[in-house]
Trainee: 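My questions all concern the structure below.
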Amino acid sequence: MGLTVLLFVCLATLGGWMRYQRLQGETVPAIATPPQLWLSLRRLHVGLGILLTLTVLLLLAIGVVGTLGHFGSLGHSPHLIMGLTVVGLTLTSAWSATQINNPNTVWARSLHLSINGLLMLALALVSWTGWVVVQKYLP
Ligand code: HEM
Ligand code: HEM
């Protein structure tokens, strides 16, 4: 989970940097970012994005397998809903990212940003509800 949050913060920073450079280049072409720098920012952002998706799926698998193994059933708390929400938002964000450079889906960039805003909230809620279930096992 720590890794997930770290990746999220790095993605937000890289994404914000890419956005800033892109908008600068649009308004002041003279100081446009060298394409190589922008491309490496983008490659890093996409690489970390794929890692984020994988860690979230891993946490889902651990949560589901662990809970099934221990209780034989799912759905003991709002943590299940929040977990599924985080996974859904992450997958939607990754999908919207693949559409950003598709001229037929001009809304993909703003969708990517809105989904990531919601994802920040959802990550906070999944940690909180996860923490609440952890408390149940403590004496
Ligand atoms: C889920 C995995 C993610 C993937 C695969 C991904 C991928 C991408 C891609 C391909 C772009 C477009 C670059 C271009 O213009 O060619 C992009 C832009 C961006 N992403 Fe992500 N991203 C992910 C997660 C995130 C997260 C978690 C955040 C923020 C919390 C974020 C913030 C941004 C921002 C701010 C931009 C720039 C938008 C602009 O230029 O206006 N991304 N991302
Ligand atoms: C992206 C992050 C996470 C995802 C996708 C996720 C997903 C899940 C899922 C789907 C379950 C099964 C819940 C049920 O059926 O009731 C589960 C169980 C559990 N998770 Fe997570 N989880 C995440 C993060 C966390 C965190 C941060 C904590 C601790 C602070 C945590 C602690 C637990 C515990 C203790 C259980 C057993 C729940 C029970 O007995 O009802 N999880 N998780």
Side-chain angles (χ1 to χ4, degrees):
M1 191 65 203
L3 179 62
T4 307
V5 170
L6 180 68
L7 286 171
F8 185 87
V9 172
C10 292
L11 280 164
T13 313
L14 280 168
W17 192 5
M18 294 195 308
R19 185 180 173 86
Y20 174 75
Q21 298 288 357
R22 184 174 62 79
L23 296 176
Q24 284 282 310
E26 265 172 20
T27 48
V28 198
I31 55 168
T33 332
Q36 275 106 339
L37 171 64
W38 200 83
L39 279 181
S40 23
L41 284 179
R42 184 180 192 276
R43 197 182 288 162
L44 197 60
H45 185 83
V46 173
L48 293 185
I50 293 172
L51 264 182
L52 179 78
T53 311
L54 292 178
T55 52
V56 164
L57 288 174
L58 182 70
L59 285 167
L60 175 71
I62 296 174
V64 167
V65 171
T67 306
L68 277 181
H70 199 75
F71 296 102
S73 67
L74 292 176
H76 305 270
S77 72
H79 186 63
L80 176 63
I81 315 283
M82 284 324 302
L84 292 176
T85 308
V86 165
V87 172
L89 286 174
T90 308
L91 293 178
T92 315
S93 171
W95 171 80
S96 68
T98 66
Q99 301 298 309
I100 286 181
N101 290 314
N102 178 346
N104 294 320
T105 49
V106 282
W107 37 263
R109 192 185 301 272
S110 56
L111 181 65
H112 188 63
L113 295 185
S114 325
I115 298 278
N116 289 329
L118 291 177
L119 184 56
M120 183 162 77
L121 251 165
L123 281 175
L125 286 173
V126 87
S127 308
W128 179 46
T129 54
W131 187 243
V132 169
V133 253
V134 167
Q135 306 283 301
K136 280 204 246 174
Y137 304 119
L138 298 176

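First listed ligand is number 1; within each ligand, the first listed atom is number 1. Computed from a prediction, not measured in an experiment: that's the story for all the values here. We're numbering straight along the sequence, starting at 1.
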Trainee: Count I, L, V, M, F, W, Y as connected when their side-chain heavy atoms are under 4.5 Å apart, and connections chain through other members. Are Val46 and Phe8 then in the same cluster?
Mentor: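 Not linked; separate clusters.
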
Trainee: Is the backbone N or O of Leu111 less than 3.5 Å from a side-chain atom of Ser96, with the two atoms forming a donor-acceptor pair by type?
Mentor: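 Flag not set: sc Ser96 to bb Leu111 has no pair under 3.5 Å.
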
Trainee: Quick one: look at Leu113 and ligand 1, take heavy-atom pairs under 4.0 Å, and tell me if it's side chain, backbone, both or neither.
Mentor: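 Only the side chain of Leu113 comes within reach of ligand 1.
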
Trainee: Is the side chain of Thr67 donor-acceptor paired with the backbone N or O of Val64 at a distance under 3.5 Å, no angle test?
Mentor: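 Side chain of Thr67 to backbone of Val64, a donor-acceptor pair under 3.5 Å: no, none is there.
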
Trainee: Quick one: does Trp38 get an N or O within less than 3.5 Å of an N or O on ligand 1?
Mentor: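 Looking only at distances, the answer is no, because the N/O contact criterion of under 3.5 Å is not met.
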
Trainee: Go through ligand 1 atom by atom and flag the ones less than 4.0 Å from a non-hydrogen atom of Ala12.
Mentor: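 Taking each heavy atom of Ala12 in turn, ligand 1 has 29 (C), 30 (C) under 4.0 Å.
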
Trainee: Using the test side chain to side chain contact (heavy atoms under 4.5 Å, CB included), find all partners of Asn104 that sit at least two apart in sequence or belong to another chain.
Mentor: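 Partners of Asn104 by the side chain to side chain contact (heavy atoms under 4.5 Å, CB included) criterion, ordered by chain and then number, come out as Asn102.
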
Trainee: By number and element, which atoms of ligand 1 are closer than 4.0 Å to a non-hydrogen atom of Phe8?
Mentor: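 Counting atoms of ligand 1 from 1, those under 4.0 Å from Phe8 are 27 (C), 30 (C).
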
Trainee: State if Trp95 counts as touching ligand 1 under the rule of any non-hydrogen atom under 4.0 Å.
Mentor: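 Per 4.0 Å heavy-atom rule, Trp95 does not contact ligand 1.
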
Trainee: Enumerate the protein N/O/S atoms at a distance below 2.8 Å from atom 21 (Fe) of ligand 1, ignoring waters.
Mentor: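 Listed by chain and number: His45 NE2, His112 NE2.
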
Trainee: Quickly, which of Leu51, Thr55, Val126 forms a side chain to side chain contact (heavy atoms under 4.5 Å, CB included) with Thr4? Name it, please.
Mentor: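 Option passing the side chain to side chain contact (heavy atoms under 4.5 Å, CB included) with Thr4: Thr55.
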
Trainee: Taking heavy atoms and a distance under 4.0 Å, where does Arg22 meet ligand 1: side chain, backbone, both or neither?
Mentor: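 It is the side chain that touches ligand 1; the backbone stays farther off.
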
Trainee: Would Leu68 end up clustered with Leu59 when hydrophobic side chains under 4.5 Å apart are linked, directly or stepwise?
Mentor: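 Leu68 and Leu59: one cluster.
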
Trainee: Would you mind listing each N/O atom of ligand 2 next to any protein N/O under 3.5 Å, plus the distance?
Mentor:
from: ligand 2; atom 1: 15 (O); to: Gly75; atom 2: N; distance (Å): 2.6
from: ligand 2; atom 1: 16 (O); to: Gly75; atom 2: N; distance (Å): 3.2
from: ligand 2; atom 1: 16 (O); to: His76; atom 2: N; distance (Å): 3.0
from: ligand 2; atom 1: 20 (N); to: His79; atom 2: NE2; distance (Å): 2.9
from: ligand 2; atom 1: 22 (N); to: His79; atom 2: NE2; distance (Å): 2.9
from: ligand 2; atom 1: 40 (O); to: Tyr137; atom 2: OH; distance (Å): 2.3
from: ligand 2; atom 1: 42 (N); to: His79; atom 2: NE2; distance (Å): 2.9
from: ligand 2; atom 1: 43 (N); to: His79; atom 2: NE2; distance (Å): 3.0

Trainee: Report yes or no: do Leu84 and Val133 belong to one cluster of Ile/Leu/Val/Met/Phe/Trp/Tyr joined by side chain heavy-atom distances under 4.5 Å?
Mentor: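 Leu84 and Val133: separate clusters.
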
Trainee: Is it true that a side-chain atom of Ser93 and a backbone atom of Leu89 form a donor plus acceptor pair closer than 3.5 Å?
Mentor: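 Absent.
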
Trainee: Honestly curious: do Ile100 and Leu119 fall in one hydrophobic cluster under the side-chain, below-4.5 Å linking rule?
Mentor: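 Hydrophobic grouping puts Ile100 apart from Leu119.
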
Trainee: Side chain, backbone, both or neither: which applies to Asn101 and ligand 1 if a contact is any heavy-atom pair less than 4.0 Å apart?
Mentor: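 Side chain only.
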
Trainee: Of all residues at least two apart in sequence or in a different chain, which pass the side-chain hydrogen bond (donor to acceptor under 3.5 Å, both in side chains) check with His45?
Mentor: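 Partners of His45 under the side-chain hydrogen bond (donor to acceptor under 3.5 Å, both in side chains) test: none.
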
Trainee: With heavy-atom distances below 4.0 Å as the criterion, list the atoms of ligand 1 near Gly16.
Mentor: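 So the answer, numbered in order with elements, is 35 (C).
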
Trainee: Any nitrogen or oxygen of Arg42, main chain or side chain, under 3.5 Å from a nitrogen or oxygen of ligand 1?
Mentor: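 Min N/O separation from ligand 1 is below 3.5 Å for Arg42.
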
Trainee: In the single-linkage hydrophobic clustering (I, L, V, M, F, W, Y; side-chain heavy atoms under 4.5 Å), do Leu41 and Leu44 co-cluster?
Mentor: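 Yes; Leu44 is reachable from Leu41 via cluster members.
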
Trainee: Passes side-chain contact (heavy atoms from CB on, under 4.5 Å), Arg22 versus Arg109? Steps please.
Mentor: CA-CA 13 Å; Arg22 184 174 62 79; Arg109 192 185 301 272; 3.1 Å; yes

Trainee: Counting N and O atoms only, with roles assigned by atom type, does the side chain of His79 sit under 3.5 Å from a partner on the main chain of Gly130, one being a donor and the other an acceptor?
Mentor: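 Yes; at least one donor-acceptor contact below 3.5 Å.
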
Trainee: Which pair of non-hydrogen atoms, one from Pro103 and one from Asn101, has the smallest distance, and what is that distance?
Mentor: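 Reported closest heavy-atom pair: CD-O, 3.4 Å.
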
